[in-house]
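Computation of the quantities below employed the complete heavy-atom set of this structure, encompassing side-chain atoms and omitting hydrogens, waters and symmetry-equivalent molecules. Throughout, a chain's letter reflects where its sequence line sits, starting with A, and its residues are numbered from 1.
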Amino acid sequence: MENIVIGKAFVLGNNIDTDQIIPAEHLVYSMDDENEAKMYGKFALSSVPKEKSGLPEGNIPFVEKDKFESEYQIIVGGSNFGCGSSREHAPYALKKAGAKVIIAESYARIFYRNSVDGGFVIPYETKEKLNEKVKTGDVLKIDIENNLLVNNTTGETFNLNPLGDVLPIVSAGGLFKYARKSGMID
Amino acid sequence: MGMTITEKILAKSAGKESVKPGDNVWLNVDVLMTHDVCGPPTIGIWKNEFGKDAKIWDKDKLVIFPDHYIFTANKHANRNVDILRNFAEEYKVDNYYDVGTSRYKGVCHIALAEEGFNIPGTVLIGTDSHTCTSGAFGMFSTGVGNTDAAFILGTGKIWEKVPETMKFTFTGKMPEYLTAKDLILQILGDITTDGATYRAMEFDGEAVFSLSMNERMTLCNMAIEGGGMNGIIPVDSVTEAYLQERTNKTYDKIYSDEDAVYHSKYEYNVENLVPLVAKPHSPDNKASVREVEGTPITKAYIGSCTGGKIADFQFAAKILFGRKVSVTTFVVPASTEVAKQLETEMYKGQSLKQIFENAGAVIAKSSCAACLGGPDDTIGRTVGKDVTISTTNRNFPGRMGSKQAEVYLASPLTVAASAVKGVITDPRDLM
Ligand code: SF4
């Protein structure tokens, strides 16, 4: 795992549910077939209402039409990110689109677990309402060792809540890799 | 320091003397449940990760119910059931309840209870967010994604962060016009959809202990709609009587300590509560039925793990007896056992089935059906700008089919009364 992630921010509101992240009609693609799997990237965050996509202005698609990857690597959300169904396709779709880190005030538990255990994206929590302080397109630098976020565009710095007990799983790259590394499974 | 019932069960499963909220523990899973939507990808991950010689950690602890996309011509849906069937055959999974056989059960959370898999004091993990339903049996149960389930399938283990517990106490005597659905909609309106995120929701009080197991399951079922990790109700004589008919397994009765520490406590007197709905498009969008009465509806739906149990149909029958519905009304028994009970359970000399048929309702086969929309040929699905009143648990845009449709969540009494009138109706007006 990288210790520093630098990328452009994509900002969203509260209660981004798994249907907005990847609508149910797209769950049919096989994850094992690379050509089908990249469709998850294409449709990531495709059901977020237009005016709420890419705040504060809105009307910014996360993934451009005809593309399979996003130009944004860091998603900044509000509270209750990932609520709804237990579908693991949600954090998977964000990863396929190229997202590496999510920063939100809080997560729905199953989404949080899926992000960490599948090794898809790093779900950071913050006490601040960062989605009101960061703009879509700002360049952010995340220092994972020190749990710091620097907004390179504005020069502001914010603290992130330490990943705590899930850090070893995140660093290993997911639950299975962690379990192998720690000798739990062969 | 005292512990709550959830903390005690997690400590026991982790082999520890005690745990406290925030601790990360590895649990030994007693039952892993999966279904036709998440089972196939779980099996895929398990095979990839554990290789050709992948072994199920304990096949007697694995339970598989095809239930979501069952009666459909959709190829992908049928491919999923085929994967489960082949897997069950290859690995000799006895607890597989195949569709098209006499073993077919229907909705997983209800089937778990009926088949005796819900055992107080144990840990049940399922690949479905409503796995919290089983907490009605004084056990820890929660939903996970496919990677976690694949890991359990190979190792029997899962890590969990011990949750803080919120306590909800209902006092007073349940009025005949209220059901467990009204109680949970009350809570959701008060705490909102993330009010219990990463927390346990413990229910007690004389009104809760007066409820049947079916009704207790409704209460725990919607813990996830508040973001809750699990819902839980301690064991009492009602639980024990239900279990006696379903299992001969022995079990631990676990109770919260007097000095257990809670995140927060809520208390309600049920005699002061009224029938409620959750308006479109969120389960916490609470209103009293009186506030929205008269709203025209196009469909009524009585079904799902939340509202398709025999107790739900007993409520609906009280209203529908001797009356006719004035909008298309679906009766979807959650399980095949409930479907049979519709024929044997009587109200005023008629079977529930007769009552629903005489009222003009459409009785469907047991499955999840339109609770989550499903393929285009799914019975009861919302289309276009339908306004449906439903006993199910979620009303996000598109959840029951059409993204333009509006769904009101309500108790079976309120749904039945509204079906009769064709507009949202307070059940007290027809009782
Ligand atoms: S009935 Fe609805 S909520 Fe229950 S398991 Fe099926 S789809 Fe999920």
Side-chain angles (χ1 to χ4, degrees), chain A residues 14-20 23-25 27-32 36 47 49 78-92 104-120 125 163-169 174-180 182 184-186, chain B residues 22-26 37-38 41-42 44-46 48-51 74-77 79 126-131 142-151 154-155 157-161 163 192-199 224-225 227-230 282 372-375 394 396-399 403:
Chain A
N14 296 335
N15 296 311
I16 298 294
D17 66 62
T18 49
D19 267 308
Q20 296 179 51
E25 67 225 57
L27 301 180
V28 294
Y29 309 119
S30 161
M31 291 170 161
D32 295 328
E36 282 191 45
S47 252
S79 60
N80 205 22
F81 196 97
C83 55
S85 80
S86 62
R87 72 182 66 143
E88 197 158 307
H89 309 77
Y92 176 79
E105 266 174 273
S106 64
Y107 294 88
R109 168 183 160 272
I110 300 179
F111 179 89
Y112 183 86
R113 292 189 68 93
N114 288 344
S115 300
V116 168
D117 287 352
F120 301 129
E125 287 181 339
L163 290 165
D165 293 326
V166 301
L167 179 62
I169 304 177
L175 180 61
F176 278 97
K177 291 194 179 120
Y178 166 78
R180 278 202 186 89
S182 58
M184 256 182 102
I185 58 175
D186 303 331
Chain B
D23 288 358
N24 250 7
V25 290
W26 283 94
V37 172
C38 294
T42 296
I45 297 170
W46 173 75
N48 278 343
E49 294 288 347
F50 291 100
N74 182 288
K75 283 203 187 84
H76 289 290
R79 178 175 73 178
T127 59
D128 188 284
S129 58
H130 291 101
T131 305
T142 192
V144 296
N146 306 334
T147 299
D148 281 332
F151 192 82
T155 66
K157 290 193 188 297
I158 183 172
W159 68 269
E160 282 290 0
K161 192 201 293 228
T192 77
T193 52
D194 64 350
T197 297
Y198 244 110
R199 301 203 187 105
I224 184 65
E225 266 59 68
M229 182 172 183
N230 66 310
S282 182
L372 81 164
R394 285 187 179 144
F396 304 133
R399 166 74 180 184
K403 286 202 174 86

Bottom line for B/R399: the part with an atom under 4.5 Å from chain A's heavy atoms is neither
Those residues at least two apart in sequence (or on a different chain) that pass side chain to side chain contact (heavy atoms under 4.5 Å, CB included) with A/L167 are A/L163, A/S171
The interface call for B/A77 against chain A, heavy-atom contacts under 4.5 Å, is neither
Interface check, chain B: of A/G84, A/C83, A/G119, most non-hydrogen pairs under 4.5 Å belong to A/G84
Under 4.5 Å to a heavy atom of chain A? For B/I45 that would be side chain
Flag the pair B/P163 / A/R109 as yes when at least one side-chain heavy-atom distance between them is below 4.5 Å, and no otherwise.
no
Honestly, the part of A/R180 sitting under 4.5 Å from a heavy atom of chain B is side chain
Whatever's closer than 4.5 Å to a heavy atom in chain B on A/F111 counts as neither
When the 4.5 angstrom heavy-atom criterion is applied to B/T193 and chain A, the contacting part is both
Applying side chain to side chain contact (heavy atoms under 4.5 Å, CB included) to A/D117 and not counting sequence neighbours gives A/R113, A/I169, A/L175, B/T147, B/D148, B/W159
Cut-off 4.5 Å, heavy atoms of chain A, and the answer for B/D128 is backbone
Heavy-atom nearest pair, A/S47 first then B/K403, reads OG-CE, 4.3 Å
Cut-off 4.5 Å, heavy atoms of chain B, and the answer for A/D186 is neither
So, the part of A/N14 with a heavy atom under 4.5 Å from chain B: the answer is neither
Scored by heavy-atom pairs under 4.5 Å with chain B, the best of A/N15, A/D19, A/N114, A/D165 is A/D165
In this structure, NZ of B/K157 is separated from CD1 of A/I185 (nearest 0.5 Å) by 12.5 Å
From the list B/T142, B/I224, B/T127, B/V37, the residue making the most non-hydrogen contacts under 4.5 Å with chain A is B/T142
Under 4.5 Å to a heavy atom of chain B? For A/M31 that would be neither
Plane angle bin for B/F151 and A/F176 - parallel if under 30°, tilted between 30 and 60°, otherwise perpendicular: perpendicular
Closest non-hydrogen contact found for B/V144 with A/S86 is O-CB, 3.8 Å
Bottom line for A/Y178: the part with an atom under 4.5 Å from chain B's heavy atoms is side chain
